[in-house]
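This report refers to the structure that appears directly beneath it.
Chain naming here is simple, since letters A, B, ... match the order of the sequence lines and numbering starts at 1 in each.
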Amino acid sequence: MFIQLTNVSKTYPNGVRALIDASLRINKGEFVFLVGASGAGKSTIIKLLFREERASRGQVMINGKTLNRLRDGRVPHLRRNIGIIFQDFKLLPTKSVHDNVAFALQVVGASTREIREKVPAVLSLVGLEKKAEFFPTQLSGGEQQRVCIARAVVNNPSLVLADEPTGNLDPDTSWDIMNLLLNINKRGTTIVMATHAKDIVDSLRKRVVAMERGRILRDEEKGGYGSEL
Amino acid sequence: MFIQLTNVSKTYPNGVRALIDASLRINKGEFVFLVGASGAGKSTIIKLLFREERASRGQVMINGKTLNRLRDGRVPHLRRNIGIIFQDFKLLPTKSVHDNVAFALQVVGASTREIREKVPAVLSLVGLEKKAEFFPTQLSGGEQQRVCIARAVVNNPSLVLADEPTGNLDPDTSWDIMNLLLNINKRGTTIVMATHAKDIVDSLRKRVVAMERGRILRDEEKGGYGSEL
Amino acid sequence: MSFSSLRYVVKETALSLRRNAWMSLASVSTVAISLIILGFALTLVYNTNQLASNIESNIEISVFLRTDQTPDQVQQIQAQIEGMPGVKSVTLLGKDQALAQIQSGLSSDLLQNLGGKNPLPDKLTVKTDSAGLVKDLAANISPISGVDAVRYGQGLVDKIIQFTHWMRWIGLALIGLLAVASIVLISITIRLTVFARRKEVQIMKFVGATDWFIRWPFLLEGMILGLCGALLASALVVYGYTGLVAILQDNLTFIPLINSRQFIMNLVLLMLVSGALIGSLGSMVSLRRFLKV
Amino acid sequence: MSFSSLRYVVKETALSLRRNAWMSLASVSTVAISLIILGFALTLVYNTNQLASNIESNIEISVFLRTDQTPDQVQQIQAQIEGMPGVKSVTLLGKDQALAQIQSGLSSDLLQNLGGKNPLPDKLTVKTDSAGLVKDLAANISPISGVDAVRYGQGLVDKIIQFTHWMRWIGLALIGLLAVASIVLISITIRLTVFARRKEVQIMKFVGATDWFIRWPFLLEGMILGLCGALLASALVVYGYTGLVAILQDNLTFIPLINSRQFIMNLVLLMLVSGALIGSLGSMVSLRRFLKV
Ligand SMILES: Nc1ncnc2c1ncn2[C@@H]1O[C@H](COP(=O)(O)OP(=O)(O)OP(=O)(O)O)[C@@H](O)[C@H]1O
Ligand SMILES: Nc1ncnc2c1ncn2[C@@H]1O[C@H](COP(=O)(O)OP(=O)(O)OP(=O)(O)O)[C@@H](O)[C@H]1O
Ligand SMILES: [Mg+2]
Ligand SMILES: [Mg+2]
């Protein structure tokens, strides 16, 4: 999937200008870090990409389709091709870890057999094979985050939106997750990741888009967390 | 406040042994980092300290009082002397940023005047003076976390329990928050902070308690995130 | 819908019922209570209506014949009235019987006092098919030769007609009011239970679920909850009503109570259908707001 | 409670009512609907009871006197009966009047037919204070010298007494059932609204709020919601009932309807008190589960 933002602005109903005239093109298969201070607008970009929010001005396009003009009925189909790692996890509290992950498959009408194969596999990838029958409230913060990651990738999405996917993880687990994302990326999945993890951004040397107060400040191939200047 | 854990074990109702025979003494005015992999039991120790959970075995004492034996009616008084930064923020969704912070003061019966003075002051300390009238759902992840921090410290508590207080913050803001906590600590407040922020732990050289699968593995004065061995 | 989707819907519904146990209980209770009130009100209104018809059909026209009529002529008049449209029955109270009625309980011999001559007229009692016909019939009977006087308690009949008219009207209003009240109450409860799960719905949508994928389990759940409530209500109403009828028919033999199997079956059917319908529709409608993400 | 705490409670309650606007609306509607049903049921039962008393007090004892009594003797007997306990009124229907009643409407002259001699007895009509006294009074009147026969429609009186007895009993059961139903319905709704806010309660407790600090705004909110619902219900019931009475008293003049200001005031008071009480108690009780953290 390729992504194209053209002069996009987002003003929330209460008047906050979270995004100001942002333009950005992300090609299929790219790995992009979104960095910037707290409140810079990283999550807002991600929310625009899966149509949680609509742009106030400008055009958000995914695979050539303008999201502003997308009919409500088509939105689920858009989202099925996107794996989203939410900053606040958004797990279903009444479903077990297994069922939370399985839900992303059920949504696309996967067969029972497919679910039986894929869910345990992805759970062991994030190191939660033993907690499959737990409920979200019975998990530590980092474990919840990993369930969210598992749900986002189980579906082999062509785009992964990761909002702070390692915020609650220790460095070792963070690297496990990063390797997981890098692997997925290698198979052709586009990845957009908002993060504060300086170490990770600096050592991976991927494309970095830096934001400040709603504006895109810097866009570097093989960039670092801080400015290179 | 001083804290004393004596052979404390915590087994959750579903059989998970989150804490195994942990002993720990933290003196008044200390600054202690709790580190360890995801699911090691850091949050569990914090939950025991403000009586969200009760120890299954062993004794948890704060200021010489055993929490296991504390009457339910006394728990609010315990909590009023503790500022808690929750891993998942726990902000009141129907209250504005200002009211969320003010709530911690109202709970102890602070006067209207006191509230009018202290709340804006602490909000500007965490850099949210402009968002006082916003609701939690209108904030970015990092902003929500800072509201939680403001609420935890507004009351001049004698103990601050911080669970991953910088998980959603960029490095600069993280350091601002750390300086805030260090300041508070200098005034005599005991601080227990569970964290994955290797940089911060390594550069501050405070006491580090490292955990692994429910056990306390290492307890070093002026320690680092990883083992010094 | 594919087999695995169907499986999902059924499993999901079952799980949801169990995991939101007490919210389910709340919905079932509300449905049950609302329908119990509605059910009892229905039996009450039906019985009152029946009682009203009963009272109306008991209104009689008294036709006094001239004293000079021979038994043959009397029979002729009776036959003529019986032939009129709207007449249910005509019974004769002969002058001798009438005197005997007055005599009974009095010790002095009336007939003797009267010098052996019975001054009372023969009387025909006419029952009609409906109370509304009484007036017209009386007017038609009056001119028949041999008829001396026609009486039907003019004031009372009007009163009774008015009373039963109003009773039916109020009964209908009552049922209408209660039906609306039930629907509103049940919707409120279902809406609140859906509201408590709005976050879940939002998350499902974020993960790419279509509206119908989310709706089906809610729909089924609402229907099952509604049915359970209705079953409970039906059991209570049927049991309570038949019990009451049994008691009352022993003690108030003169009040006719509807006790036909057909009536009770219809009542139960009505309650079950309303329960299932309000439950499922309530879920769907409440969900709508939260699907818009 | 300090001033700033009081301020907090009041402000908090007001805010909560506004911010949970539609949950508040749900509670108010439920309270209103439940109390409307209860209120109308109360007026119905009261009126039925009044009607029952009315019917009972209309039961009469007919006392036929011997034909040989002089007007003086008749007066004496009348006075004697009037002196009996439980007697409300005694009216005399003289034999002449009785004959005139029979005569009316008949064209042939009865008195002439009877040879100028009126064979009918004088009749005293006795009304009693309550239906239960009729039997005993009749037994006491019977032996008075000069009394020929005493009749009071033995079968009918028993029927009426039974009917009114059952009517009262069923009315009471109805009110009981509806009162319980209202309480349950309102509690369910309040419980669901509190349930939707359980996380908030938990957070408040984590920050060090005492149970009462959390309870007060909920309590006040519940009370206000209950009162609002009750006010709405009162308005509707009073308006609806007085309107109905106005219509019915024009059309059913013979049915006595309670329309005293006192009755309506009591009804409104009862509804307001129940509304406030169920609302605040409901909040408190529902909160209990969630305060245990
Ligand atoms: N629903 C909303 N209504 C109003 N303002 C909002 C809303 N969501 C976000 N904002 C504001 O928009 C700005 C950007 O928010 P965003 O969530 O994109 O930040 P972010 O870069 O993700 O920050 P963080 O690293 O803290 O998560 C912030 O100032 C925030 O207060
Ligand atoms: N309520 C609960 N019921 C059952 N198990 C629980 C519960 N809370 C935590 N656990 C389990 O206890 C263990 C320790 O959890 P804890 O939250 O203390 O970890 P943590 O060190 O804070 O991890 P993280 O860094 O990911 O937040 C985990 O394995 C978790 O699954
Ligand atoms: Mg964000
Ligand atoms: Mg934790």
Side-chain angles (χ1 to χ4, degrees), chain A residues 12-16 18 35-44 46-47 86-89 91 96 126-128 130-131 133-146 163-164 166-174 176-177 194-199 201-202 210-212 214 225-226, chain B residues 12-16 18 35-44 46-47 86-89 91 96 126-128 130-131 133-146 163-164 166-174 176-177 194-199 201-202 210-212 214 225-226:
Chain A
Y12 282 106
N14 64 349
V16 174
V35 303
S38 171
K42 306 179 294 297
S43 298
T44 300
I46 286 180
K47 284 175 186 169
F86 298 94
Q87 195 166 9
D88 55 355
F89 316 151
L91 301 177
S96 69
V126 298
L128 286 178
K130 287 188 188 144
K131 310 248 161 170
E133 294 314 317
F134 283 37
F135 287 88
T137 48
Q138 301 173 331
L139 297 179
S140 80
E143 288 163 348
Q144 289 179 44
Q145 189 155 43
R146 284 179 279 159
D163 199 351
E164 204 77 60
T166 60
N168 285 275
L169 298 176
D170 56 288
D172 289 352
T173 315
S174 295
D176 291 347
I177 295 301
T195 188
H196 296 307
K198 190 171 181 310
D199 302 2
V201 177
D202 282 343
M211 304 187 60
E212 197 182 280
Y225 187 92
Chain B
Y12 283 106
N14 64 348
V16 174
V35 302
S38 173
K42 306 179 291 298
S43 297
T44 300
I46 286 178
K47 284 176 186 169
F86 297 94
Q87 195 165 8
D88 54 355
F89 317 151
L91 300 176
S96 68
V126 298
L128 286 178
K130 284 187 191 144
K131 309 248 161 170
E133 294 314 317
F134 283 37
F135 287 90
T137 47
Q138 301 173 331
L139 298 180
S140 80
E143 286 163 349
Q144 288 179 42
Q145 189 157 44
R146 284 179 279 156
D163 199 349
E164 205 77 60
T166 61
N168 285 276
L169 298 176
D170 58 289
D172 288 353
T173 316
S174 293
D176 290 348
I177 295 301
T195 189
H196 296 307
K198 191 172 181 308
D199 302 1
V201 177
D202 282 343
M211 304 186 61
E212 197 182 279
Y225 187 91

task: Using non-hydrogen atoms and a 4.5 Å limit, figure out which bit of B/Val35 sits close to chain A: side chain, backbone, both or neither.
output: neither
query: Taking A/Ala40, A/Ala37, A/Gly127 one by one, which has the highest count of heavy-atom pairs under 4.5 Å against chain B?
result: A/Ala37
field: Partners passing side chain to side chain donor-acceptor pair (under 3.5 Å) against B/Thr173 (at least two apart in sequence or in another chain)
entry: B/Asp170
- prompt: Looking at A/Ser174, A/Gly41, A/Ala197, A/Pro171, which makes the most heavy-atom pairs under 4.5 Å with chain B?
  reply: A/Pro171
Per-residue contact mode, B/Asp163 against chain A (heavy atom under 4.5 angstrom): neither
- request: Could you tell me whether the side chain of B/Gln138 reaches within less than 4.5 Å of the side chain of A/Val16, counting heavy atoms only?
  value: no
- request: Go through the side-chain N and O atoms of B/Asn168 and A/Gln87 and say whether any donor and acceptor fall under 3.5 Å apart.
  value: yes
Pairwise distance CG(A/Asn14) to CD(B/Glu133) - rounded to 0.5 angstrom: 11.5 Å
- prompt: How far apart are the closest heavy atoms of B/Glu143 and A/Ser38, and which atoms are they?
  reply: N-OG, 3.5 Å
- request: Please tell me if the side chains of A/Phe89 and B/Asp88 come closer than 4.5 Å, counting only heavy atoms from C-beta onward.
  value: no
query: Considering residues at least two apart in sequence or located in another chain, which fulfil the side chain to side chain donor-acceptor pair (under 3.5 Å) criterion with B/Asp176?
result: none
